[in-house]
Amino acid sequence: MVSDKPIERSRVNNRRRFLADTARITCGVAIFGLALGLYSKQGRSLPATALRPPGALSEEDFLGACVRCGQCVRDCPYPTLGLAELGGEVTVGTPFFTAREAPCEMCEDIPCIAACPTGALDPGVTDIDDARMGLAVLVDEENCLAFLGLRCEVCYRVCPLIGKAITLEHQRNPRAGMLARFLPTVHSDRCTGCGKCEETCVLDEAAIKVFPIELAKGKRGSHYRLGWGEKQKAGKPRVSGIIEPPSRRPEARL
Amino acid sequence: MSTNLHPGREATAEKGWLAAHKWLLLRRASQLFVIGLFLVGPLTGFWFAKGSLAASMILNTLPLSDPFIMAQSFLAGHVPQTTALVGAAIVIAFYMLVGGRVYCSWVCPVNIVTDTAQWLRRRMDIEGGVRYSRRTRYWVMAMTLVVAFTTGTIAWELVNPVTVIFRGLVFGLVFGMGVAWVVVLAVFLLDLFVGNRAWCGHLCPVGAFYSLLGRTSLLRVKTGRREACDDCMDCFAVCPEPHVITPALRGADRGAGPVILALNCTNCGRCIDVCAPNVFTFTTRFDDKVDSHARPQSTVLSREVA
């Protein structure tokens with residue numbers, strides 16, 4: 001079968017070339033894919049100053065849901081929302097705002113959520129007070145004027161949920177003795193993270209800042225139980241038969 | 001293959017410049033029109049089209065969205081809301097009718113960049129470059145879907161030149177595009193020096209996806225007067241996917257129909273423009289008639305005289 005040899009060889013060559021080409025393409029594309037995957041992992045961490053629009057899903061879900069169309073940005077009536085640009089710190093094309101520059105003005109009709117076609121901004125958020133864009137944290141007690149004993153109160157006054165998300169807690173001023181301090185105190189169950197407080201803080205660098213919630217909040221281990229909470233929940237002491245120790249305070253003798 | 005530095009010269013001589021650039025001009029107008037639609041809003045306050053190519057709202061009523069991005073989002077673990085799904089359905093239906101890759105040649109802003117690179121490449125007589133299969137794009141497409149699934153993010157949108165450039169144009173009001181210009185430059189240089197039709201013709205997963213939508217498209221280009229073909233090769237020189245022409249144009253002996261049915265024909269119509277004997281026409285996929293009386297006499301004669 002001498003005559004078959006060239007054909008046989010060309011067939012082998014063809015097969016070799018096919019395998020080599022396939023390997024070339026798959027390897028090239030796979031390396032590209034790997035790079036893209038790793039890059040996307042890195043792009044997932046949001047810088048602490050960038051806040052998502054109201055109703056945004058958790059960052060991980062958001063990056064799978066937001067198609068970067070920018071319709072929320074278009075329908076934001078304030079210069080608040082912008083799209084992340086290529087080469088910036090925030091995942092390219094996604095909407096965010098920076099509280100110190102332009103906070104969320106908390107429109108009652110929430111046009112950004114209404115504009116979102118995919119549900120990356122959860123339409124279940126119908127009351128802007130339920131939005132959780134971040135959480136305000138009084139980060140610098142050393143420079144906050146209220147902590148220094150001055151009656152600043154600006155963050156408290158501008159808070160859209162005045163007296164709820166930020167309250168002023170009265171305290172004796174340890175330095176001046178009898179004078180009071182009025183300390184702005186954030187309540188995480190009401191704070192929407194709109195950023196008005198950070199924007200208006202009178203200091204050169206804000207003493208109160210809004211961070212993404214994961215950064216702003218600690219988390220107790222699930223094994224911690226608050227005794228008073230458990231007692232309230234049960235309506236009675238969790239352990240019965242505890243004898244109250246006799247009080248030795250002066251008024252007890254009366 | 002010898003390079004054809006000035007394809008369409010004969011057609012221009014015979015039909016006039018305008019007729020020999022008709023579809024090209026219409027296509028550029030269409031691409032600029034799409035960008036313009038999105039720019040009207042930010043410039044005048046009348047929101048004709050709001051959003052970007054990824055998803056948009058036309059006249060505050062008609063939602064449109066990119067089915068490829070929706071597919072990635074779905075694989076990333078998110079079920080898009082009704083608005084986005086309706087938008088994707090409308091887009092799918094449209095491209096199934098007119099041809100999937102009509103998106104590439106009539107809408108996509110990258111096409112302007114790569115066409116320019118291709119034009120310059122021809123003028124500068126740059127040959128060769130990296131060679132790889134045109135099927136690579138389907139592998140890239142599969143890769144983007146796999147990466148979306150494994151990372152849970154729409155990862156391709158981090159680098160997708162189509163949306164990055166379009167967003168830059170529309171949200172940066174063209175001049176404020178910033179770093180997106182780098183992407184324009186990268187695609188341009190890739191197509192100019194690295195490989196012939198490297199991006200749109202070999203790598204782009206968006207085009208690959210849309211080509212699949214065009215499987216049954218009604219609108220097609222037909223080589224109805226293929227017997228009049230004088231083998232000048234101009235159509236092959238200008239076609240972004242020249243391999244699609246051969247089966248129809250040279251398929252008479254094998255009994256192949258005259259309609260170009262290949263998925264990757266972008267319906268750009270440039271072959272119609274540059275063909276002096278008017279072999280090509282736009283028609284439907286069912287129009288199988290061949291103009292058997294076509295003879296290339298007139299063109300051959302006029303060329304010999306010239």
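What's counted below: heavy atoms across the whole structure, side chains too, no hydrogens, waters or symmetry copies. Each chain gets a letter, A, B and so on, in the order the sequences are listed, and its residues count up from 1.
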> Around atom CZ of Arg135(B), are there more than 12 heavy atoms of other residues, nucleotides or ligands at under 6.0 Å?
Replying inline: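 No, not enclosed.
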
>> Surrounding OH of Tyr132(B) (heavy atoms of other residues, nucleotides or ligands, distance under 6.0 Å), is the total greater than 12?
In response: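 Yes - once you tally the heavy atoms of other residues, nucleotides and ligands closer than 6.0 Å, there are more than 12.
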
Just by distance, do the side chain of [X] and the backbone of [Y] share a donor-acceptor pair under 3.5 Å?
| X | Y | answer |
| --- | --- | --- |
| Thr136(B) | Leu203(B) | no |
| Gln31(B) | Ser105(B) | yes |
| Ser30(B) | Trp106(B) | yes |
| Arg134(B) | Gly201(B) | yes |
| Arg220(A) | Arg225(A) | no |

Of all heavy-atom pairs between [X] and [Y], which one has the smallest distance, and what is that distance?
| X | Y | result |
| --- | --- | --- |
| Asp191(B) | Ala117(B) | CB-CB, 3.6 Å |
| Asp189(A) | Arg132(A) | O-NH2, 2.7 Å |
| Phe97(A) | Cys104(A) | CE1-N, 3.7 Å |

> Should the pair Arg197(B)-Asp115(B) be classified as a salt bridge under the 4.0 Å nitrogen-to-oxygen rule?
Replying inline: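 Between Asp115(B) and Arg197(B) there is a salt bridge, with a charged N closer than 4.0 Å to a carboxylate O.
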
> Side chains of Asp129(A) and Met106(A): closer than 4.5 Å at any heavy-atom pair?
Replying inline: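 Sidechains of Met106(A) and Asp129(A): in contact.
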
For chain B, find which of [options] contributes the most heavy-atom pairs closer than 4.5 angstrom.
| options | answer |
| --- | --- |
| Gly33(A), Gly82(A), Cys116(A) | Gly33(A) |
| Asp21(A), Leu34(A), Thr26(A) | Thr26(A) |
| Gly93(A), Gly88(A), Ala115(A) | Gly93(A) |

> Can you say whether Arg137(B) sits under 4.5 Å from chain A via the side chain, the backbone, both, or neither, judging by heavy atoms?
Replying inline: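 Neither part.
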
> Contact part of Val159(B) toward chain A, heavy-atom cut-off under 4.5 Å: side chain, backbone, both or neither?
Replying inline: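 For Val159(B), the contact with chain A is made by the side chain alone.
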
>> Does either side chain, that of Ser133(B) or that of Arg24(A), offer a donor lying less than 3.5 Å from an acceptor on the other one?
In response: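 There is no such pair between these side chains.
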
> Without hydrogens or angle criteria, can the side chains of Thr163(B) and Glu157(B) be said to hold a donor-acceptor pair below 3.5 Å?
Replying inline: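 Note: Thr163(B) and Glu157(B) side chains meet the donor-acceptor criterion.
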
>> For Ile90(B) and Leu62(B): C-alpha separation, side-chain torsions, deciding distance, then whether side chain to side chain contact (heavy atoms under 4.5 Å, CB included) applies.
In response: CA-CA 9 Å; Ile90(B) 294 171; Leu62(B) 180 74; 3.6 Å; yes

> Using non-hydrogen atoms and a limit below 4.5 Å, what part of residues 35-53 of chain B faces chain A?
Replying inline: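 Residues in range: Phe38(B), Pro42(B), Trp47(B), Lys50(B), Gly51(B), Ser52(B).
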
>> Does anything in residues 65-80 of chain B reach chain A? List residues with heavy atoms under 4.5 Å apart, or say none.
In response: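 Checking residues 65-80 of chain B against chain A gives Ile69(B), Met70(B), Ser73(B), Ala76(B), His78(B), Val79(B), Pro80(B).
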
>> Using the rule given for side chain to side chain contact (heavy atoms under 4.5 Å, CB included), can you reason through Trp156(B) versus Val147(B), listing the C-alpha separation, both sets of side-chain angles and the distance that settles it, and then say yes or no?
In response: CA-CA 8 Å; Trp156(B) 178 246; Val147(B) 172; over 6 Å; no

> Can you tell me how far the CZ atom of Arg121(B) sits from the OG1 atom of Thr114(B), to the nearest 0.5 Å?
Replying inline: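 Interatomic distance, Arg121(B) CZ to Thr114(B) OG1, rounded to 0.5 Å: 12.0 Å.
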
> Roughly how far, to the nearest 0.5 Å, is CG of Leu83(A) from OG1 of Thr91(A)?
Replying inline: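 Between atom OG1 of Thr91(A) and atom CG of Leu83(A) there are 12.0 Å.
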
> Looking only at heavy atoms, which of residues 68-77 of chain A get nearer than 4.5 Å to chain B?
Replying inline: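 If one takes a 4.5 Å heavy-atom cut-off, the residues of residues 68-77 of chain A near chain B are Arg68(A), Cys69(A), Gly70(A), Gln71(A), Val73(A), Arg74(A), Asp75(A).
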
>> Which residues in residues 191-216 of chain A have any heavy atom closer than 4.5 Å to a heavy atom of chain B?
In response: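 When heavy atoms of chain B are the reference, residues 191-216 of chain A contributes no residue within the under-4.5 Å range.
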
> After noting the C-alpha distance and the side-chain angles of His187(A) and Leu161(A), does the key distance pass the side chain to side chain contact (heavy atoms under 4.5 Å, CB included) rule?
Replying inline: CA-CA 10 Å; His187(A) 301 278; Leu161(A) 291 165; over 6 Å; no

> Checking Leu57(A) against chain B: side chain, backbone, both or neither under 4.5 Å from a heavy atom?
Replying inline: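 Contact with chain B is through the side chain of Leu57(A) alone.
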
> Of the backbone (N, CA, C, O) and the side chain (C-beta and beyond), which part of Ile25(A) lies under 4.5 Å from a heavy atom of chain B, both, or neither?
Replying inline: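 Contact with chain B involves the side chain of Ile25(A) alone.
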
> Cys108(B) and side chain to side chain contact (heavy atoms under 4.5 Å, CB included): which partner among Val102(B), Val162(B), Val113(B)?
Replying inline: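 For Cys108(B), the side chain to side chain contact (heavy atoms under 4.5 Å, CB included) test succeeds with only one of Val102(B), Val162(B), Val113(B), which is Val162(B).
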
> With respect to chain A, which residue among Thr82(B), Asn60(B), Val179(B) yields the maximal number of heavy-atom pairs within a distance under 4.5 Å?
Replying inline: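 The answer is Val179(B).
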
